[in-house]
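Here the structure is laid out as structure tokens; the discussion comes afterwards.
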Protein chains: 2
Amino acid sequence: MSKMPTIKDVAEYAGVSVGTVSRVLSGEAAVKPVLREKVSAAISALGYRPNVTARALRTSKTDVIGLVVPDITNPFFAQLAASVERAALECGHSLMLASSHDDREAEQSHVFAFLDRSVRGIIVVASSDGSGLPLEGAVPIISLDRRFGSFPLVSTNHAQAAALIADHLYGLGHRHIAYIAGPPDTEAGRMRKEGFVSRIDLFGKTGEAVELEIAYGKFDYESGEKVARDLLSRPPQGRPTAIAAASDQQAIGALRAARDLKIDVPRKLSVTGFDDISLANLVVPRLTTIRQPADTLARRAVSLLLEEPPGTGDEMIDGSLIVRGSSGPCAQPRVAGHKN
Amino acid sequence: MSKMPTIKDVAEYAGVSVGTVSRVLSGEAAVKPVLREKVSAAISALGYRPNVTARALRTSKTDVIGLVVPDITNPFFAQLAASVERAALECGHSLMLASSHDDREAEQSHVFAFLDRSVRGIIVVASSDGSGLPLEGAVPIISLDRRFGSFPLVSTNHAQAAALIADHLYGLGHRHIAYIAGPPDTEAGRMRKEGFVSRIDLFGKTGEAVELEIAYGKFDYESGEKVARDLLSRPPQGRPTAIAAASDQQAIGALRAARDLKIDVPRKLSVTGFDDISLANLVVPRLTTIRQPADTLARRAVSLLLEEPPGTGDEMIDGSLIVRGSSGPCAQPRVAGHKN
DNA sequence: CTGAAAGCGCTTACAG
DNA sequence: CTGAAAGCGCTTACAG
């Protein structure tokens, strides 16, 4: 087997024309059973496998989906990638993966590289809000989780989900809350913050006022740790009783800062995340967070891509609140003697 | 631009033959400067980009590397994937990614799928020791981290690295150690265990004897937590003073078990991992572990793949010990009053 | 140094 | 229902 057999070899072996072989391969056109048999026999006798490249050239259709993520090392993106791969596989497609390392140029060049390979479609988890990419519809493009250019976005309903956290914390009695926001140049960062803030504002109007501090950071561990450290190195009375973070990684960083500062979570401080990465359930205490429906998101993105014609509208999928050990009732500092 | 321009369009625009265009594209053959200019001008005027598929069909060479990992959601594999992607990019190649979900059949079918796409080469992080794949050299295949079939393996020198941990723990005075091994059907699992055990045995002969318990598990969090829980729910005197795990994830699971059982790490128990995933530096306490040189591993794997002829021998790369807070001196239980 | 032509392995109208 | 033939967009001997 020094050379792979081609459709021509199969045709000769079976004593038919290549067209006929092609037809039984596609299964579309009707072929007389006798010939069909012969062809099938030839195929397995020779161990023939169609040349995907040739097929792609001829039909200018491939079965690969390109995915670009900011950083595959980020657990949430890894989860997303895994889900996209699975969804693609279910639809008989393969995955090409590229990391943009949060670099806009890399992101663009990866998209172009995918275009050059005439992939079936491209899903991009943008590194930051992309601006005017001069890309018209040769190949469908869908934004996942974070908007890329002006392409349709499939994402968690960040605002709705963030409001869930606000409800939770308010319900627990917290009236001094810090929110660690994500980068304001990401739609997810903005929407989560806005959802959270506007819910808290609403409480201010209809219930008890809440003192809300907002700090900005990146979505990673280090940012969360750093911001939380600043927030928490104040005397107890001036400290927030709850920190809501825009990502699990930030929240886990915050947890670490709290531990370093010997602040008991959840007794003295509640901490919440966003994403429900698998780690969230493993840290101590386990993290209260928002579950992003990675699987559903991925599946929808792939569907939109593959639809004929490709989906064109945004889709928002609700997140759900996962209550675990890192959040608890506010330690009512007004009662004397209960203070730290 | 409803249709992508082809090499033919460029040729017409520049007033030359397609052969000439192809030659300036490849940069190999000599082309008279005047024509070269014209062609370049035409290319940018039309926004021409070569059709990768056609080129692949013609040359039967592509610039994509296939990577199959057991689970992209596992932080170490994610790191490996990121490194492979980077290394591939540096060599002008793209990455196709597939997850085997630790399923041998899926693994095989992904390899075949890559073969069908006539990728330039395939790197596989095996889910378990693959056996006789009937794959001869159409396309180079390299095993990374865990051996696939009988293909050349690039991996950390697991035995050497595990011995480093043994040295560390022994040096700290631990004489009752538990080792949480990885699955014995993985080469990495076996070699790490063997490296660890034989080093401890050596101590037994040349120094003080060490009581060594060995438990088996998968490489994941849950396994580590479960095994450690069993190990640690014994009275303090019968407990190991150190747990060496075959992966960071196991170790982090063990950390969690220790915390649940209120066993102070590192005061009463030392815990070590293997991999140095980014999380290792974020758990509390930070995890002492072995750094696997993911970047070097990936780069070597890609190099072997791309060499002409492809590399054929195994390569072992030394790991390094990273000492952090989860390991410390043994709490000499022999001194009365110091006991728990 | 350059053009005309063959061919990579398929699919798909076009006749019959 | 089936075969002969064109053509997808390239690269590369082959002449000149």
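- In this structure, the OH atom of B:Y48 is 10 Å from the P atom of D:dG9, given to the nearest Å.
- Whole-Å rounding puts the A:K8 NZ to D:dA5 C1' distance at 14 Å.
- With a cut-off of 3.5 Å on both pairing distances, D:dA13 has no Watson-Crick or G-U wobble partner at all.
- Summarising the geometry, the separation between CZ on B:R58 and C1' on D:dT11 is reported as 4 Å, rounded to the nearest angstrom.
- Per the geometry, NZ belonging to A:K32 stands 8 Å off P belonging to D:dC1, to the nearest Å.
- Listed nucleotides D:dC10, C:dG3, C:dC8 differ in distance to B:L57; the shortest reach to its side chain belongs to C:dC8.
- Looking at B:R23, its side chain comes within 3.5 Å of the base of C:dG3 through a donor and an acceptor atom.
- Distance from the side chain of B:L35 is smallest for C:dT2 among the nucleotides C:dT2, D:dA4, C:dT11.
- Of all nucleotides listed (C:dC1, C:dG3, D:dA5), D:dA5 comes nearest to the side chain of A:V18.
- The side chain of B:T6 places no N or O atom within less than 4.0 Å of a non-bridging phosphate oxygen (OP1 or OP2) of D:dG9.
- In this entry the distance linking NZ of A:K61 with P of C:dT12 reads 11 Å, nearest Å.
- Checked against C:dC10, D:dC10, C:dC14, the side chain of A:I7 finds its nearest nucleotide in C:dC10.
- At a threshold of 4.0 angstrom between heavy atoms, the contacts of A:T20 are confined to the sugar-phosphate backbone, with no base atom among them.
- A:E90 CD: more than 12 foreign heavy atoms inside a 6.0 Å radius.
- Taking a cutoff of 4.0 Å between a charged side-chain nitrogen and a carboxylate oxygen, B:R55 and B:D63 do not qualify as a salt bridge.
- Distance from the side chain of B:A54 is smallest to D:dC10 among C:dC14, C:dA4, D:dC10.
- Of all nucleotides listed (C:dG3, D:dT11, C:dC10), C:dG3 comes nearest to the side chain of B:V16.
- In this structure, the side chains of B:Q292 and B:Q79 stay at 4.5 Å or more apart for every pair of heavy atoms.
- Counting non-hydrogen atoms under 4.0 angstrom, A:T59 reaches the backbone sugars and phosphates but no base.
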